[in-house]
A.B. asks: 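One structure, as structure tokens, below. Some questions next.
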Amino acid sequence: MDFLNFDAEACTLCGICVNVCPFGALKFEKNGIEVGESCRMCGLCVRKCPEKAIRFEQKANEVNKEEWRDFLIYAEQEQGKIHPVVFELIGEALKMAPKVGYHVNCVIAGGPGTAENAKDLLEYGVHKVFVYEHEELKWFRADCYTDVIADCIAAVKPSSVLIGGTELGRSLAPRLATRFHTGLTADCTKLDIKDNTDMIQIRPAFGGNIMAQITISRSRPQFATVRYRVMEKAKKVENPDGEIIRCKMTDDMVKSSIEILSAEVLEKKKSLEEEDIIVVAGRGAKNETGVALCRELADALGGQLAFTRPMVEDGFGDTAHQIGLSGRTVRPKLIITCGVSGAIQFTSCMNGSECIVAINNNPEAQIFNTAHYCIVDDLNQVVPKLTELVRNRKED
Amino acid sequence: MKIIVCMKQVPAGTNVEIDPETGAMKRLSSATRTNPYDLFALETALLLKEKMGGTVTVLTMGPAQAESMMKDAYACGADEAVILSDRKFAGSDVLSTSYTLRQGIQVLGGADLIICGRQTTDGDTAQVGPALAEHMHIPHAAWVTRIEEVTEKDISVQQKLGDVTQVSRIPFPCLITVEKDMCVPRLPSWILKKKTADRKVRFLSFEDLPNQDLTRYGLNGSPTAVERMFPPEKAQKQVYLEGSTEEKTKELFDILVSRKII
Ligand SMILES: Cc1cc2nc3c(=O)[nH]c(=O)nc-3n(C[C@H](O)[C@H](O)[C@H](O)COP(=O)(O)OP(=O)(O)OC[C@H]3O[C@@H](n4cnc5c(N)ncnc54)[C@H](O)[C@@H]3O)c2cc1C
Ligand SMILES: Cc1cc2nc3c(=O)[nH]c(=O)nc-3n(C[C@H](O)[C@H](O)[C@H](O)COP(=O)(O)OP(=O)(O)OC[C@H]3O[C@@H](n4cnc5c(N)ncnc54)[C@H](O)[C@@H]3O)c2cc1C
């Protein structure tokens, strides 16, 4: 391997690196340890080597970090309103900003009404909002949206750019990061900042089995996306003193080769992510009858019914109501799981919920490691009883 | 019409675990499979070819063992398969992966349409498609749920972006990333498998690419660095409710009411 360097003098052939390598890429060969094709450069061996005999041959490509300052948050709009993930990004940035003396700024782009919406951002303690308003920006088009936000980034030179992990954000962010030849960390679940202004970005990988801490230390800006409902929302401030800055638009900036033929707003239903109370039917609900019991409980509580992946695959619900890595991330006030085993791909996307109740007849079920309130029992017994209690109370 | 489909070979399972004491990862099995989301990209390409004529080229960056995935693509009806394989590409993040793919596409003489899957099951970033489009300076549409129309010079696609369903027309050359379930991927055909048994998979290495600047590839060209990996946190305190079914249910109800949750 060209980039992993073994110091033959220092290496004692202790074999620790061979053992820690998750990809089985290291082997004892005639001339010492050799690195095979399966190496993914995770660097575990570099850190574990007691002799410090393994090094990354990295080419330094340092930027002047002083030139890049503050946080910039992309304020996505959905149906003429600020997407709620934006307030969560602001909340997270405001926690990090004081540690390095940064401000939190926003950039917002869209059709008529955008500048008006920008005012809502100031209430949360945002320093500056850069506004790009133009008829041509009414609907999202990847090419011209990239041009517009890139214009702002080039002018403002932010140290970090945070973007919501929505469909729109995840289409936009990689283009921007590529344009600035810098890194983008996807779907962070935790963010912090070092004294040297490098963000500590934590994200799940390998289907949530592992958390990876990622840094972008050689280039700026540092891009990160964060999914909706993962971070805490910012609070309104007493005396907002931020300002709105209308940015100059040129016709070139909104020129797009993409032609919108139609755009239809789906009927605005409360999405699963926005729900305060969720009841989940897992495979333990077994059939229509079991699912119906769970649905009645959800209805009685005024919440929504969601599913695990096998239940969606069996046609009991759609993917918009699937919780988990290949579905949605939720953090409601209350989540009641019924007949859910608690696989990591499921729990990693709901374990931020305020109150987690698990009903499962197997005391060994993994879900009980995640739940706050555990009921080891048959869901067919417990769920209807709970529904009845809730209904009777509502009638009082 | 010339179509390039980007596909990746991924580990067959995702069941890695970390030893909380030592921080060492328990080994991943070496079994691999085709990223399941990329099968929808391949199927979309094959359907377009059936309608419009032309060729479908499958492109991957990865180790030489990706050849088996490429043979399967031949058996599904792909015309050409190309593997970008070189140790110099190891350790690539999204930026250098998409750059390397872009260089490979340049060697192949470009394409009218490039199709990517929605995401992989290992890195799982869903970023390579849009990043590749940016490197190539071409427009893209992500999360495509339906092909509405295709002509000699453009393609109209439906996308779901949050609460908005958008249909847009994009001129070639362009890139789309497709959602799963927009079609049913065909299985490799036995007849095609026999017919294509001798067809070679083309390998391209660093030396074959137009840009010979090493700092753009692999680890050197990757701005993101994985600093450490660790197991997910375990849950906080918990309460087991005891007694008969009635008692447990009533106790839960009382807790939820007293905590003002319901
Ligand atoms: C890459 C990847 C992505 C994935 N993404 C997702 C995802 O997005 N969402 C997801 O959910 N899964 C996902 N999975 C699948 C996940 O690993 C599990 O297989 C799945 O979550 C299990 O669903 P379940 O709990 O409903 O079913 P099971 O694991 O079959 O569990 C059923 C449970 O019901 C209990 N039970 C049975 N009868 C009763 C009864 N009468 N009363 C009470 N309890 C009963 C059983 O004890 C058991 O614990 C993913 C997997 C991979 C590899
Ligand atoms: C634990 C961990 C965390 C990571 N986190 C990040 C991160 O936050 N940011 C980052 O930049 N990188 C990250 N990476 C690296 C990233 O996984 C690799 O860069 C990978 O080469 C491409 O990303 P992906 O697998 O996420 O592909 P995705 O972007 O999810 O793939 C989308 C589509 O692009 C195409 N495609 C992807 N890879 C290839 C390929 N090699 N050949 C052909 N087509 C392909 C396929 O059509 C695929 O369906 C991480 C890696 C690990 C191991």
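From a predicted model like this one, the values you see are computed outputs, not experimental measurements. Chain naming here is simple, since letters A, B, ... match the order of the sequence lines and numbering starts at 1 in each.
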A.B. asks: Using non-hydrogen atoms only, which part of B:Leu95 is less than 4.5 Å away from chain A: side chain, backbone, both, or neither?
C.D. replies: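 Just its side chain gets close to chain A.
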A.B. asks: Run the side-chain contact (heavy atoms from CB on, under 4.5 Å) check on B:Leu256 and A:Cys355 step by step: do they pass?
C.D. replies: CA-CA 9 Å; B:Leu256 296 179; A:Cys355 177; 4.0 Å; yes
A.B. asks: To the nearest 0.5 Å, what is the distance between CG on A:Leu168 and CH2 on B:Trp143?
C.D. replies: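 With rounding to 0.5 Å, CG (A:Leu168) is 10.5 Å from CH2 (B:Trp143).
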A.B. asks: Take A:Ile202 and B:Phe230 through the test side-chain contact (heavy atoms from CB on, under 4.5 Å) and record every step on the way to the result.
C.D. replies: CA-CA 10 Å; A:Ile202 298 192; B:Phe230 54 97; 3.7 Å; yes
A.B. asks: Tell me, do B:Thr249 and A:Leu389 make a side-chain contact under 4.5 Å, heavy atoms counted?
C.D. replies: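 Counting from C-beta outward, B:Thr249 and A:Leu389 do come under 4.5 Å.
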A.B. asks: When heavy-atom pairs shorter than 4.5 Å are enumerated against chain B, which of A:Gln201, A:Gln381, A:Arg170 gives the highest number?
C.D. replies: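 Option with the top pair count is A:Arg170.
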A.B. asks: Could you tell me whether the side chain of A:Arg141 reaches within less than 4.5 Å of the side chain of B:Ser168, counting heavy atoms only?
C.D. replies: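 No, every pair of side-chain atoms sits at 4.5 Å or beyond.
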A.B. asks: Does atom CD of A:Glu264 have more than 12 heavy-atom neighbours from other groups under 6.0 Å away?
C.D. replies: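 Atom CD in A:Glu264 is not packed in, count stays at 12 or less.
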A.B. asks: Can you tell which part of A:Glu354 gets under 4.5 Å to a heavy atom of chain B, answering side chain, backbone, both or neither?
C.D. replies: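 Looking at A:Glu354, just its backbone touches chain B.
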A.B. asks: Identify which of B:Pro171, B:Cys174, B:Ala142 forms the greatest number of heavy-atom pairs closer than 4.5 Å to chain A.
C.D. replies: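 Of the candidates given, the most pairs with chain A belong to B:Pro171.
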A.B. asks: Taking all non-hydrogen atoms of both residues, which atom of B:Pro130 and which atom of A:Pro174 are closest, and how far apart?
C.D. replies: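 For B:Pro130 and A:Pro174, the tightest heavy-atom pair comes out as CB-CG, 3.7 Å.
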A.B. asks: Heavy-atom cut-off 4.5 Å, strictly under: side chain, backbone, both or neither for A:Leu386 against chain B?
C.D. replies: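 Both parts, backbone and side chain.
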A.B. asks: Rounded at 0.5 Å granularity, tell me how far CE in B:Met229 sits from CD1 in A:Ile210.
C.D. replies: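 One finds 6.0 Å between CE of B:Met229 and CD1 of A:Ile210.
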A.B. asks: Please confirm whether the ring centroid of B:Tyr240 lies under 6.0 Å from the ring centroid of A:Tyr373.
C.D. replies: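 Distance test on ring centres: not under 6.0 Å, no.
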A.B. asks: Given that the side chain runs from C-beta out, which part of B:Val94 has a heavy atom under 4.5 Å from chain A: side chain, backbone, both or neither?
C.D. replies: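 Contact with chain A is absent: no heavy atom of B:Val94 under 4.5 Å.
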A.B. asks: So for A:Phe223, is it side chain, backbone, both, or neither that comes closer than 4.5 Å to the heavy atoms of chain B?
C.D. replies: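 No part of it gets close to chain B.
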A.B. asks: How many angstroms lie between CD1 in B:Ile255 and NE2 in A:His372, if you round to the nearest 0.5 Å?
C.D. replies: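 Going from the CD1 atom of B:Ile255 to the NE2 atom of A:His372 covers 12.5 Å.
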A.B. asks: Please round to the nearest 0.5 Å and tell me the distance separating atom OG1 of B:Thr224 and atom CD1 of A:Ile214.
C.D. replies: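 Answer for the OG1-CD1 pair, B:Thr224 versus A:Ile214, is 6.0 Å.
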A.B. asks: Under a 4.5 Å heavy-atom cutoff, which of A:Cys144, A:Gly183, A:Ser171, A:Ala263 has the most pairs with chain B?
C.D. replies: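 Ranked by contacts with chain B, first place is A:Ser171.
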A.B. asks: Tell me if a side-chain donor or acceptor on A:Arg218 pairs with a main-chain N or O of B:Ser222 at a distance below 3.5 Å.
C.D. replies: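 Yes: the side chain of A:Arg218 pairs with the backbone of B:Ser222.
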A.B. asks: Any donor-acceptor pair under 3.5 Å linking the side chain of B:Gln166 with the backbone of A:Phe140?
C.D. replies: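 At least one qualifying donor-acceptor pair exists.
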A.B. asks: When you check the gap from the basic side-chain N to the acidic O, do A:Arg203 and B:Glu227 get nearer than 4.0 Å?
C.D. replies: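 No.
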A.B. asks: What do you reckon, is CD of B:Glu152 surrounded by more than 12 foreign heavy atoms closer than 6.0 Å?
C.D. replies: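 No - once you tally the heavy atoms of other residues, nucleotides and ligands closer than 6.0 Å, there are 12 at most.
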A.B. asks: Go through A:Asp143, A:Val383, A:Ile375 and name the one with the most non-hydrogen pairs under 4.5 angstrom from chain B.
C.D. replies: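 Among A:Asp143, A:Val383, A:Ile375, the one with the most close pairs to chain B is A:Ile375.
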A.B. asks: What's the spacing between B:Thr215 OG1 and A:His181 NE2 if we round to 0.5 Å?
C.D. replies: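 Output value for this atom pair is 10.0 Å.
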A.B. asks: Looking at A:Glu167 and B:Lys160, what are the two nearest heavy atoms and their distance?
C.D. replies: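 Looking at all heavy atoms of both residues, the closest pair is CG-O, 3.7 Å.
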A.B. asks: If you take all heavy atoms of A:Thr146 and B:Glu134, which pair is closest and at what distance?
C.D. replies: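 For A:Thr146 versus B:Glu134, the nearest heavy atoms are CG2-OE1, 3.9 Å.
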A.B. asks: Between OG of B:Ser156 and CD1 of A:Ile258, what distance do you get to the nearest 0.5 Å?
C.D. replies: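 Output value for this atom pair is 11.5 Å.
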A.B. asks: Look at atom NZ of A:Lys81 and say whether more than 12 heavy atoms of other residues, nucleotides or ligands are closer to it than 6.0 Å.
C.D. replies: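 At most 12 heavy atoms, drawn from other residues, nucleotides or ligands, come within 6.0 Å of this atom.
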A.B. asks: Please rank B:His135, B:Lys180, B:His137 by heavy-atom pairs under 4.5 Å with chain A and give me the top one.
C.D. replies: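 Of the options given, most contacts go to B:His135.
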A.B. asks: Most heavy-atom pairs under 4.5 angstrom with chain B, which of A:Ile260, A:Leu176, A:Asp378?
C.D. replies: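 Heavy-atom pairs under 4.5 Å are most numerous for A:Ile260.
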A.B. asks: Minimum heavy-atom separation for A:Thr182 and B:Pro223, please, with both atom names.
C.D. replies: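 Between these two residues, the closest heavy atoms are C-CG, 3.3 Å.
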A.B. asks: Check each atom of B:Leu252 against the heavy atoms of chain A and say whether the ones under 4.5 Å are side chain, backbone, both or neither.
C.D. replies: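 Only the side chain of B:Leu252 comes within 4.5 Å of chain A.
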A.B. asks: Between B:Lys248 (side chain only) and A:Asp377 (backbone N and O only), is there a donor and an acceptor less than 3.5 Å apart?
C.D. replies: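 Not at all, since once roles are kept as given, no pair shorter than 3.5 Å links the two residues.
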A.B. asks: For B:Ile261 versus A:Leu334, what's the shortest heavy-atom pair and its separation?
C.D. replies: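 What the structure gives for the nearest pair is CG2-CB, 3.4 Å.
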A.B. asks: Could you tell me which of A:Thr189, A:Leu184, A:Val376, A:Leu172 has the largest number of non-hydrogen atom pairs under 4.5 Å with chain B?
C.D. replies: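 Result: the option with the highest number of such pairs is A:Leu184.
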A.B. asks: Which atom names give the shortest non-hydrogen contact between B:His140 and A:Ala142, and what distance separates them?
C.D. replies: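 The answer is CE1-CB, 3.2 Å.
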A.B. asks: Any idea which of B:Ile138, B:Thr120, B:Asp154, B:Thr177 has the most non-hydrogen atom pairs under 4.5 angstrom with chain A?
C.D. replies: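 Among B:Ile138, B:Thr120, B:Asp154, B:Thr177, the one with the most close pairs to chain A is B:Ile138.
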A.B. asks: Quick one: which of B:Val164, B:Val128, B:Ile170 has the most heavy-atom pairs under 4.5 Å with chain A, could you say?
C.D. replies: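 Among the listed options, the one with the most contacts to chain A is B:Val164.
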A.B. asks: Using a 4.5 Å cut-off on heavy atoms from C-beta on, say whether the side chain of A:Gln213 contacts that of B:Val226.
C.D. replies: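 No, every pair of side-chain atoms sits at 4.5 Å or beyond.
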A.B. asks: Decide, yes or no, whether a salt bridge links A:Lys385 with B:Glu246 under the criterion of side-chain N to carboxylate O below 4.0 Å.
C.D. replies: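 Yes, A:Lys385 and B:Glu246 are salt-bridged.
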